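Beneath this line is the structure, given in structure tokens, with notes to follow.
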Amino acid sequence: MQYKGIVFDLDGVICHTDKYHYMAWKQIADEIGVYFDEAINDRLRGVSRMESLEIILEKYKGELTAEEKQKLSEKKNNIYRNLLCQMSPKDVSEEVAETLNELKRRNIRIAIGSSSKNACFILRKIGLLEIFDATSDGNNISRSKPDPEVFLKAAEYLKLNAGECLVVEDARSGIDAAAAGGFPCAGLGDAAAYEKTNYPLHRFSEVLSVIENRNR
Ligand code: B16
Ligand code: MG
């Protein structure tokens, strides 16, 4: 089967917001007196906001009510969104921008498949809201990665079957989601070394050769 579309994860693939997630969560963790570091932050990749908070609270000694957790996650999001305001098209590498343009030239349909409820806000800030044919994100799903829902919705929006869409991810939870949905998947960074990844990528632009080799 030829690959007619690509569903890209956003954070860690198209742009990098982990430092802002880290800064915002660190502020929350300090406030409640819980230990938090870069290694814990790495475990939050691709994971929803509330699930991220639960991971951070693993080291918390007390008990929090659902309402208190909700307040903390809202507070984190406000800090995070303020930090996101400094993002601009300069936060997209030339390689990413050129590869997306080349995919469009080749009539490959492209979508975003992100756990983030801030995906459209980020895409607008980095000037990429218009280039994608569809966006599936934290606002249109009820189950976060590793559930395949976000990618299945993206494929549906592109009017393609899972087998026709390559998923590009940086997180293992995202690769698990792609595999569970029956999508072929390419992995960058941490996800490149994961055994469930079909196409390990060293750099973003290599998606062009994955498509080329598949469709020739
Ligand atoms: P928000 P992705 C994910 O985006 C991030 O990797 C993850 O760290 C974050 O917790 C999640 O979005 C939810 O983000 O708080 O903005 O709704 O990698 O799936 O694009
Ligand atoms: Mg990611």
Side-chain angles (χ1 to χ4, degrees), residues 6-29 36-58 69-85 87 91-92 96 110-126 128-129 132 134-154 166-178 180-181 183 185-194 196-197 201 204 207:
I6 305 188
V7 183
F8 292 97
D9 171 54
L10 179 62
D11 289 337
V13 171
I14 298 294
C15 63
H16 300 275
T17 55
D18 18 351
K19 62 173 184 262
Y20 301 131
H21 278 298
Y22 175 79
M23 287 158 81
W25 280 128
K26 177 81 177 125
Q27 204 169 312
I28 298 295
F36 181 66
D37 62 13
E38 303 271 0
I40 301 173
N41 196 54
D42 273 351
R43 289 176 58 205
L44 312 182
R45 282 176 208 281
V47 173
S48 76
R49 198 179 308 159
M50 208 32 114
E51 284 161 336
S52 298
L53 177 61
E54 293 295 350
I55 291 174
I56 290 164
L57 291 177
E58 283 171 9
K69 287 180 188 175
Q70 187 57 37
K71 279 208 175 121
L72 284 178
S73 84
E74 276 166 26
K75 191 164 187 186
K76 180 267 172 178
N77 195 47
N78 288 335
I79 302 167
Y80 176 59
R81 276 182 77 108
N82 275 332
L83 292 165
L84 290 179
C85 284
M87 290 190 90
D91 287 290
V92 180
V96 167
I110 56 174
I112 287 290
S114 166
S115 303
S116 175
K117 291 189 169 157
N118 296 300
C120 286
F121 183 69
I122 297 169
L123 287 169
R124 194 171 302 117
K125 295 297 297 175
I126 62 177
L128 289 182
L129 192 61
F132 290 97
T135 300
S136 171
D137 63 22
N139 298 298
N140 62 252
I141 53 169
S142 50
R143 295 174 305 276
S144 177
K145 300 168 188 174
D147 190 283
E149 188 181 7
V150 73
F151 294 137
L152 291 170
K153 282 268 162 58
L166 179 72
V167 165
V168 183
E169 260 290 347
D170 71 312
R172 290 175 179 224
S173 61
I175 297 289
D176 286 338
F183 293 85
C185 52
L188 278 162
D190 194 29
Y194 191 31
K196 283 195 194 169
T197 299
L201 305 179
F204 186 87
V207 290

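As the structure is a prediction and not an experimental result, all values here were calculated from the model. Numbering starts at 1 and runs along the sequence shown. Every number for a ligand or one of its atoms is a count from 1 in the order of the listing.
- The closest approach between a heavy atom of Gly138 and any atom of ligand 1 is not below 4.0 Å.
- Residue-ligand proximity, Leu10 to ligand 1, at heavy-atom distances under 4.0 Å covers atoms 20 (O).
- Using a 4.5 Å cut-off on side-chain heavy atoms (C-beta onward), Lys125 and Asp91 make no contact.
- Heavy atoms of Val47 found under 4.0 angstrom from ligand 1 belong exclusively to the backbone.
- When distances from the Mg ion (ligand 2) to the N, O or S atoms of Asp9 are compared, OD2 comes out shortest.
- Per-residue contacts place Ser52 under 4.0 angstrom from the following atoms of ligand 1 (heavy atoms of the residue considered): 10 (O).
- Within ligand 1, counting atoms from 1 as listed, the ones closer than 4.0 Å to a heavy atom of Leu44 are 7 (C), 8 (O), 10 (O).
- Between Ala171 and ligand 1 there is no heavy-atom distance shorter than 4.0 Å.
- Looking only at N/O/S atoms, Asp11 comes nearest to the Mg ion (ligand 2) through O.
- For ligand 1, the atoms lying closer than 4.0 Å to a non-hydrogen atom of Lys117 are 1 (P), 16 (O), 17 (O).
- Interface atoms of ligand 1 facing Tyr80, defined by a heavy-atom separation under 4.0 Å, are 16 (O).
- At least one heavy atom of Lys145 sits less than 4.0 Å from an atom of ligand 1.
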